[in-house]
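I have placed the structure first, in the form of structure tokens, so that the comments after it can refer back to it.
Only this structure's heavy atoms are used, side chains among them; waters, hydrogens and symmetry mates stay out.
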Amino acid sequence: LPNLISRACNYITEKAQSDQPYFLYLPLPAPHTPILPIDEYRGKSGLGEYGDFVLMVDDMVGKVLNAGLMVGVGFVGLGLIVDMMNANLGPAAQQMSKNFGLSMSVVDLGWPGMSPITWASSIATVAIPVAILVNIIMLVLKLTKTVNIDIWNIWHMTFTGAIAYAVTGNFAIGIGGVVVHAIIAYKFGDLYAPLMEDYFELDGITVPHGTGTWMAPFAFAIDAIIEKIPGLNKIDFSIDNLQEKVGVLAEPIVIGGILGAIVGALAGYDFSAAFQLGIKMSAVMVLMPKITKCIMDGLMPLSERMKEILTKKSQSGEAEFYIGLDPAIILGDSEVVTVGLIFIPLTILIAIIVPGNTILPFGDLATIGFFIGIAVAVHRGNLFRSLISGCVIMFTTIWIASQAIPWTTALAKSVNLTNGASQVAALDQGGSPITYLYTQIVTQQNIKGLVIIGIIYVICMIFTVRGSKQRAAALKESEY
């Protein structure tokens, strides 16, 4: 019964992240014979084994209903917040661009625009089973501890393969892109698990997907560099210690209002319109943690059950696994939300100074938290360091995405989803170093860019591995 419930919850979690309707038929023979309550429920009802079994069945059915409702509510809520931010921040961003006389002609579609283009690629038909197979093989060979149950975000792996296929016309090279991205993603899951436990207090959970995952190595390198600089290494401020110094002005709801009003002012809005934008950003600061909690409440029972099953099936019974979930679970952190809002105007300003950039940040402005979420954990919530890392991350993302415009345009044209645009771009995934490096390797279009980004990224990965080991060691020490 627990295995059936776990599979049902897994199915609901997977389907809840799609816009397509789904149907689950779960006929339970219980509580008829055989009467087999698990240890957790034995003696709990006070009415004998049958009473314990009925209680267990009732609880299990409740978990399925809760998983379906809470995950659904969470993602619907997240979608509403993102839609609201896009509807309000998008026009403000475009107006800022006009006010400052910027000549950025290619509008960022963001992940809402690029993910459907990716799923429309012929590579997508085999990407999910390929990514799952890679995960299974790595688990069997003990090359990873990450068990990915977030099927939707396989679209990131699919994108790498789809881009490579669209550019080269070679299906095998496209599948190779999915495999390479999947391998790296699952290894990232292992590396970031200590951060999830240490900063976000998510034991046994990791995030192997998303822009924040492959951009976090830059944060590890920056953190190590700052630690060596006298004076800078002493600067440490977060929402909590800011509240101690400036009181109500550092409350998340007030910070959201101030940042929203600043964006409105930069867009040239009058006082009333800027104030209304501030109120809406205050709402984001208040609602995002609550929405994220709904997602976590729906996903956590499933992840816990998955860990139990995997541990029991391991030969030693003591194997450690990390459950890979959607990066949305970290968006509710107040520091992540704050840095994300700060980077709405900053990203546009950074786009101005990126050499050769023609992309106007738009579609991904509402989800900047995905880009910098893990970096915030690297810096343990230190806003000063997070802002420095964020600037490097967004600069690099925009530069790579700008270089990738011919590739993303080729992909959109191959599936007839350009919507009349002559060029297509997206910061999320379009600015991924993994996709960029793989595609440059198979096309060799820009050897100089390949060498520069490759060397920088390898160096950052060295810092990432070292930083992850240090956090894991510190966690073990704290347990004793």
Side-chain angles (χ1 to χ4, degrees), residues 14-15 17-22 75 78-79 82-83 85-87 89-91 93-94 104-131 150-178 181 209-211 326 351 357-367 370-371 397-398 400-432 434-436 438-439 442-443 445:
E14 174 189 336
K15 296 299 180 182
Q17 298 179 62
S18 169
D19 292 333
Q20 298 300 315
Y22 66 91
F75 279 106
L78 184 61
V82 171
D83 288 345
M85 292 179 72
N86 279 331
L89 293 173
Q94 290 180 317
M104 293 181 282
S105 57
V106 185
V107 178
D108 159 42
L109 294 181
W111 70 263
M114 190 50 68
S115 55
I117 292 174
T118 302
W119 285 127
S121 169
S122 56
I123 286 288
T125 58
V126 295
I128 291 178
V130 167
D150 180 15
I151 303 301
W152 162 255
N153 276 300
I154 288 178
W155 88 265
H156 294 287
M157 306 171 193
T158 307
F159 179 88
T160 300
I163 283 290
Y165 177 48
V167 174
T168 66
N170 188 312
F171 196 81
I173 289 177
I175 294 299
V178 177
H181 194 135
H209 309 287
T211 306
D326 191 289
N357 174 52
T358 58
I359 299 175
L360 173 65
F362 181 83
D364 279 319
L365 284 180
T367 54
F370 284 119
F371 291 72
T397 298
I398 293 170
I400 292 176
S402 185
Q403 299 296 308
I405 287 176
W407 302 342
T408 47
T409 301
L411 174 58
K413 287 182 176 179
S414 71
V415 296
N416 297 315
L417 287 177
T418 60
N419 294 323
S422 59
Q423 292 182 305
V424 173
L427 298 185
D428 188 352
Q429 192 54 55
S432 165
I434 297 173
T435 303
Y436 179 80
Y438 181 80
T439 308
V442 298
T443 63
Q445 294 178 353

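The distance from atom CD1 of Ile163 to atom OH of Tyr438, rounded to the nearest 0.5 Å, is 12.5 Å. Separation of atoms CD1 (Ile173) and OG1 (Thr439) is listed at 10.0 Å; rounding is to 0.5 Å. Atom CD1 of Ile359 and atom CD1 of Ile405 lie 4.0 Å apart (nearest 0.5 Å). To the nearest 0.5 Å, atoms CH2 (Trp155) and CH2 (Trp111) are separated by 8.5 Å.
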Practice task
Could you give me the CA-CA distance, side-chain angles and deciding distance for Leu109 and Ile117, then say whether side chain to side chain contact (heavy atoms under 4.5 Å, CB included) is met?
Solution key: CA-CA 10 Å; Leu109 294 181; Ile117 292 174; 4.0 Å; yes
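For the pairing with Val106, the side chain to side chain contact (heavy atoms under 4.5 Å, CB included) check across Val424, Leu360, Thr358 returns one residue only, Thr358.
Summarising the geometry of Pro361 relative to Leu427, their closest heavy-atom pair is CB-CD1, 4.2 Å, with the distance given to 0.1 Å. Across every non-hydrogen atom of Pro406 and Ser402, the tightest pair is CD-O, 4.5 Å. For the pair Ala426 and Asp108, the tightest heavy-atom approach, listed with the atom from each and the gap, is CA-OD1, 3.3 Å.
Applying the side-chain hydrogen bond (donor to acceptor under 3.5 Å, both in side chains) test to Asp428 and every residue at least two apart in sequence or in another chain returns Thr211.
Applying the side chain to side chain donor-acceptor pair (under 3.5 Å) definition to pairs two or more places apart or across chains, those involving residues 403-418 are Trp407-Gln445. Applying the side chain to side chain donor-acceptor pair (under 3.5 Å) definition to pairs two or more places apart or across chains, those involving residues 156-166 are Asn153-His156, His156-Gln429, Thr160-His181, Thr160-Thr435.
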Show me the donor-acceptor pairs, under 3.5 Å and distance only, between side chains in residues 118-127 and residues at least two apart or in other chains.
{"unit_1": "Thr118", "atom_1": "OG1", "unit_2": "Met114", "atom_2": "O", "d": "3.0"}
{"unit_1": "Ser121", "atom_1": "OG", "unit_2": "Ile123", "atom_2": "N", "d": "3.2"}
{"unit_1": "Thr125", "atom_1": "OG1", "unit_2": "Ser122", "atom_2": "O", "d": "2.7"}

